[in-house]
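A short worksheet on the structure shown next.
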Amino acid sequence: MIRMIKVKLLVSLCVLAAFTSFVRAADFNIIKYGAVGDGVTLNTNAIQRAIDECYKSGGGSVIFPEGKFLSGTIVIKDNVTISFQKNAVLLGSIDLKDYKNIDPFTEGLGIDVGWALLVAVDAKNIGVTGEGTIDGQGSAIKAKHILTDTRPERQRWGMRPFLLRIVRCTGVNVKGVTLKYAGAWTSHYFQSRQINIENVKIQSVGVAHNDGIGIDGCQDVVIKDCDVVSGDDALVFKTTSSKMACKNIVVTGLRLKSNQAGIKMGTESMAAFENIKISNCHIYETRNGGIKLLTVDGAHLRNIEISDITMEEVRTPMLFRLGSRLSVFRKDADTKQQTGTFENVVIKNVKVKASADAQLMPPTGILITGIPGHYITGLTLENIEISLAGGGTAAHGRQAVPEAIDQYPEVKTFGPRVPAYGIWARHVKGLKLINVKFNLSGNDLRPALVCEDGSDLEVNNWNLPDTKGGESIIRLENVKTALVKNITVKGRAKALVRVEGTASTNVKVIGNKLSGISKELEIIKNK
């Protein structure tokens with residue numbers, strides 16, 4: 001905890017230093033350079049002239065006054081802040097020929113991407129601020145695009161532009177603006193440092209791949225008090241290159257709604273994710289996960305703390321995955337890596353109302369899985385409460401789950417269901433599950449916890465609902481050294497803890513409060 005506080009202070013000071021050192025010069029109103037705010041005139045050249053003059057003068061603000069200014073790709077340069085006055089709109093052209101791809105790359109599904117409306121590459125001390133809006137007109141771009149491009153959507157979408165793209169920049173301030181309706185990703189920050197994102201509102205839905213805030217191999221980042229509604233992941237950390245980690249990042253005070261995940265690390269995961277602290281966020285109505293931490297392309301994911309999170313109507317609240325897909329996204333600069341690591345992650349103070357309609361049915365609260373020989377290590381879940389629908393049968397409790405070692409890491413990858421209603425864990429070491437409570441709307445005959453191929457497991461101070469007729473409340477399969485203590489169970493089952501597998505050893509149960517449980521510990525030697 002002390003280390004994370006120091007990280008937060010360091011990040012805040014670095015970002016503050018970047019912007020207090022920015023010496024502003026004169027303002028440059030785009031109207032004076034020929035821009036017309038009628039929503040029809042293409043203003044790309046006029047806006048770029050204003051930016052270029054601002055840059056040549058030593059820096060300052062390029063002013064967007066009230067109006068709708070249609071444009072293709074514009075490029076921010078050193079010491080330039082794009083400043084939007086109230087009711088000012090930068091409106092993206094719906095013609096793809098008006099966009100440029102200054103720094104191309106390949107994203108996680110193998111699509112070439114990088115076109116953008118507002119972009120900065122290798123710039124210093126830049127900003128996008130004010131009370132106005134950047135509107136990418138994503139749906140209109142798509143409608144026009146598909147008239148001439150008849151390829152499947154999964155192949156053609158990458159040509160559509162990001163809304164805001166920041167590449168290898170230092171000193172970036174994005175504050176107060178509204179970002180709407182991107183053609184692809186809404187905002188993407190790549191290999192940049194000293195970033196401040198504050199009070200940004202994102203409303204970006206209508207086409208596929210509308211990620212909200214994408215942090216890709218960036219360091220010394222503060223994100224706070226933003227409101228994101230996105231078609232794809234709301235807040236996503238990526239490392240599409242092995243050259244620079246996502247590191248020293250503080251996130252607080254976000255509201256996140258998404259058709260995919262609320263908070264995600266991966267899937268693109270070549271360089272490390274480390275020293276990241278996320279707190280005081282509300283995630284709601286996400287359709288493909290609340291919190292998803294994924295390293296599958298060789299990244300080391302470590303020293304992460306996520307705390308004080310509420311979730312409402314979220315499909316599958318949490319997924320933690322260490323895999324071995326080992327994709328390469330910048331093939332001219334990177335090569336295939338070895339399997340990465342997942343260690344020292346703390347998730348605490350989380351309260352969830354899960355959706356009754358989930359990707360895997362009946363729903364499950366938390367999925368945790370490494371792969372054979374590569375373990376999720378030192379994961380702690382503490383002070384967790386999840387309300388679920390229930391509905392699992394005894395047969396569901398014996399569902400075999402695919403390893404999917406090299407597959408794209410999604411909840412549905414492990415379907416059609418998993419054998420626990422609360423937490424399913426596989427290939428784990430040092431897993432701590434402390435002060436966990438589950439609520440069920442209906443009976444569920446699956447165990448609350450199933451752990452397969454684990455060691456040094458601690459299950460402490462759980463409060464479990466009134467279920468009836470289950471084989472066991474907890475099932476441990478090939479688990480070496482486990483402590484189950486202070487479990488309060490209201491329901492009835494044949495056993496509190498059922499131990500299976502010839503590799504299972506040293507399982508202890510202590511201080512549990514049981515009423516309708518036949519056996520506290522049942523060891524099945526022939527499985």
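Side-chain atoms are counted along with the backbone in the values below, which use heavy atoms only and exclude waters and symmetry mates.
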Fill in: Pair Met270-Lys243, side-chain contact (heavy atoms from CB on, under 4.5 Å): steps then yes or no
CA-CA 8 Å; Met270 297 198 72; Lys243 303 298 189 292; over 6 Å; no

Worksheet item: What do the steps show when you test Asp216 against Phe329 for side-chain contact (heavy atoms from CB on, under 4.5 Å), and what is the final call?
Response: CA-CA 12 Å; Asp216 185 351; Phe329 309 101; over 6 Å; no

Worksheet item: Would Ser204 and Thr186 satisfy side chain to side chain donor-acceptor pair (under 3.5 Å), going step by step from the backbone distance to the final call?
Response: CA-CA 7 Å; Ser204 194; Thr186 307; 2.8 Å; yes

Discussion item. Could you walk me through whether Gln407 and Thr413 satisfy the side chain to side chain donor-acceptor pair (under 3.5 Å) test, starting with their C-alpha distance in whole Å, then the side-chain angles of each, then the deciding distance to 0.1 Å, before giving a yes or no?
Written reply: CA-CA 7 Å; Gln407 299 301 300; Thr413 303; over 6 Å; no

Discussion item. One pair to check against side-chain contact (heavy atoms from CB on, under 4.5 Å): Ile223 and Ile215. What are the steps and the verdict?
Written reply: CA-CA 10 Å; Ile223 306 171; Ile215 306 298; 4.0 Å; yes

Fill in: Evaluation steps, side-chain contact (heavy atoms from CB on, under 4.5 Å), between Lys144 and Asp95
CA-CA 8 Å; Lys144 185 173 182 179; Asp95 195 334; 3.7 Å; yes

Worksheet item: Passes salt bridge (charged side-chain N to carboxylate O under 4.0 Å, His left out), Asp227 versus Lys201? Steps please.
Response: CA-CA 5 Å; Asp227 193 333; Lys201 183 177 181 180; over 6 Å; no

Practice prompt. Could you please spell out the steps behind the side chain to side chain donor-acceptor pair (under 3.5 Å) verdict for Gln359 and Asn288?
Written response: CA-CA 7 Å; Gln359 310 95 309; Asn288 201 9; 2.8 Å; yes

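More than 12 non-hydrogen atoms from other residues, nucleotides or ligands lie less than 6.0 angstrom from NZ of Lys142. Heavy-atom neighbours of Tyr55 OH from other residues, nucleotides or ligands within 6.0 Å: at or below the threshold of 12. Residue Arg330 qualifies as enclosed at atom CZ: its count of foreign heavy atoms under 6.0 Å is above 12. Shown here is Lys336, whose NZ atom has no more than 12 heavy atoms of other residues, nucleotides or ligands within 6.0 Å.
Counting all heavy atoms, side chain and backbone alike, Ile31 lies closest to Ala35 at CD1-O, 3.4 Å. Closest heavy-atom contact between Asp52 and Lys77: OD1-NZ, 2.9 Å. The minimum heavy-atom distance between Gly253 and Cys281, with the atom names listed, is N-SG, 4.1 Å. Of all the heavy atoms in Phe162 and His188, the pair that sits closest is CE2-ND1, 3.7 Å. The two residues Cys169 and Val121 make their nearest non-hydrogen contact at SG-N, 4.1 Å. Minimum heavy-atom separation, Val207 to Gly138: CG1-O, 3.6 Å.
Under a 4.0 Å N-O distance rule, the pair Asp211/Lys264 does not qualify as a salt bridge. Checked for salt-bridge contact, Arg193 and Asp220 miss the test: no charged N lies under 4.0 Å from a carboxylate O. Look at Asp297 and Arg325 and you find a salt bridge, because one of the NZ, NE, NH1 or NH2 atoms lies within 4.0 Å of a carboxylate O, short of that distance.
Counting heavy atoms from C-beta outward, Thr286 and Leu256 have side chains that stay 4.5 Å or more apart. Looking at Met318 and Ile384, their side chains come closer than 4.5 Å, going by heavy atoms from C-beta outward. When side chains are defined from C-beta on, Thr364 does not count as touching Arg417, because their heavy atoms never get closer than 4.5 Å. With contacts defined as side-chain heavy-atom distances shorter than 4.5 Å, the pair Thr178/Phe84 does not qualify. Side-chain contact between Pro161 and Leu96: present, with at least one pair of heavy atoms (C-beta onward) separated by less than 4.5 Å. Considering only heavy atoms from C-beta on, Ser269 stays 4.5 Å or farther from Leu294 through its side chain. Looking at heavy atoms from C-beta onward, Gln219 lies in side-chain contact with Met244 at the 4.5 angstrom threshold. Side-chain atoms of Leu293 and Leu379, non-hydrogen and from C-beta on, never get closer than 4.5 Å to each other.
Using cut-offs of 30° and 60° for the angle between ring planes, the Trp157 and Trp185 rings count as tilted.
Side chain of Gln137 to main chain of Ile141: no donor-acceptor pair is present (N/O by atom type, distance under 3.5 Å, no hydrogens or angles). Judged by distance alone, with hydrogens and angles left aside, the side-chain atoms of Thr170 form no donor-acceptor pair with the main-chain N or O of Lys124 at under 3.5 Å. In this structure, Arg302 contributes its side chain and Thr341 its backbone to no donor-acceptor pair below 3.5 Å. In this structure a side-chain-to-backbone donor-acceptor pair under 3.5 Å is missing from Arg165 to Ile102.
Between atom OG of residue Ser387 and atom NZ of residue Lys351 there is a gap of 7.5 Å, rounded to the nearest 0.5 Å. If you take CG on Leu381 and CD1 on Ile366, they are separated by 5.0 Å, rounding to the nearest 0.5 Å. A distance of 12.0 Å separates CG of Asn259 from NE2 of His209, quoted to the nearest 0.5 Å. If you take OG on Ser327 and CG on Asp334, they are separated by 11.5 Å, rounding to the nearest 0.5 Å. For the atom pair CD (Gln155) and CG (Asp149), the distance works out to 9.0 Å, reported to the nearest 0.5 Å. Note that the CD1 atom of Ile126 and the OG atom of Ser192 stand 7.5 Å from one another [nearest 0.5 Å].
Partner Lys353 forms a salt bridge (charged side-chain N to carboxylate O under 4.0 Å, His left out) with one of Glu313, Glu312, Glu285 and no other, that one being Glu313.
No cation-pi contact links Arg321 to Phe342, judged by a cut-off of 6.0 Å to the six-membered ring centre and 45° from its axis.
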